[in-house]
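Both ligands and their constituent atoms are indexed starting at 1 by order of listing. All residue numbers in this chain count up from 1 along the given sequence. Predicted, not measured: the structure shown is a model, and the values here were computed from it.
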Amino acid sequence: MTLRPTDPRWVEAALAELPVLLVDHAHCERRAAQTALRHAARWPEWPRLAQRLSRLAREELVHYERVLAELGHRGWPMIPLVAAQYGTLLFDACRPASAPASGAPAGTLGDRTVDEMLVCSLIEARSHERFVCLKERIDDARLADLYDDLLEAEARHGDLYLELATEVARGDVGPRRDELAAHEAKVLTRIGQPIRMHAGGH
Ligand SMILES: [Fe+2]
Ligand SMILES: [Fe+2]
């Protein structure tokens, strides 16, 4: 499964609105940390999850601070932004909770958990893909370095969430990931959205 490649129109539109893109990027990094900790809080009995997602959350907070520092360096104010609802629309597509796999704690792990891990994996993979697109096209050495520094971690986070989804599913999650990836591509390219890291440009 591969993500649908970013439309070059998004890259051009994003490069024309760098202050907004960077502010949204900061919000995305903070939200990624919050999402990881929310999962760790929801499934405290999942042995590997808390350790690994805690580490992931720390990395996201380092990214958050790095982007905040870049905004400060440029004199671009960090402001509230209306979110693109990208994550919300992806999580809305997750299946409802179902009976947990045999041996898993009752009432916790099941189809919904698999889907949520897959959605997180897609979001992280998309961040990686967009950082690559931006790095290749941007005419700004500091931001090119920023995207280059962050993209490896986002790819790794995508792999981690995919690993966790596979662990819960105890089987092949490829077909379900493909379904969610098709949905992700539609959400990403909704018409008429303002420029965001995961929206706009169409
Ligand atoms: Fe990040
Ligand atoms: Fe990440």
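Summary: OE2 is the N/O/S atom of E60 found nearest to the Fe ion (ligand 2). Take the N/O/S atoms of E29: the one nearest the Fe ion (ligand 1) is OE1. When distances from the Fe ion (ligand 1) to the N, O or S atoms of E154 are compared, OE2 comes out shortest. Nearest to the Fe ion (ligand 2), among the N, O or S atoms that H157 has, is ND1. Residue H63 approaches the Fe ion (ligand 1) most closely through its N/O/S atom ND1.
Proximity of the aromatic rings of Y147 and H128 is defined here by a centroid distance below 6.0 angstrom, and this criterion is not met.
Of the possible donor and acceptor atoms, one in the side chain of W10 sits under 3.5 Å from a partner among the backbone N and O of R196.
Using cut-offs of 30° and 60° for the angle between ring planes, the F91 and H39 rings count as tilted.
Taking backbone and side chain together, E124 holds no N, O or S atom under 2.8 Å from the Fe ion (ligand 1). Residue side and main chain included, E59 places no N/O/S atom under 2.8 Å of the Fe ion (ligand 1).
Geometric assessment of R52 against the ring of W46 yields a negative cation-pi assignment under the 6.0 Å and 45° thresholds.
For the salt bridge (Lys or Arg N to Asp or Glu O under 4.0 Å) with E116, the lone residue among R42, R38, R95 that qualifies is R42. Checked against R126 for a side-chain hydrogen bond (donor to acceptor under 3.5 Å, both in side chains), the options E184, H198, E154 give a single hit: E184.
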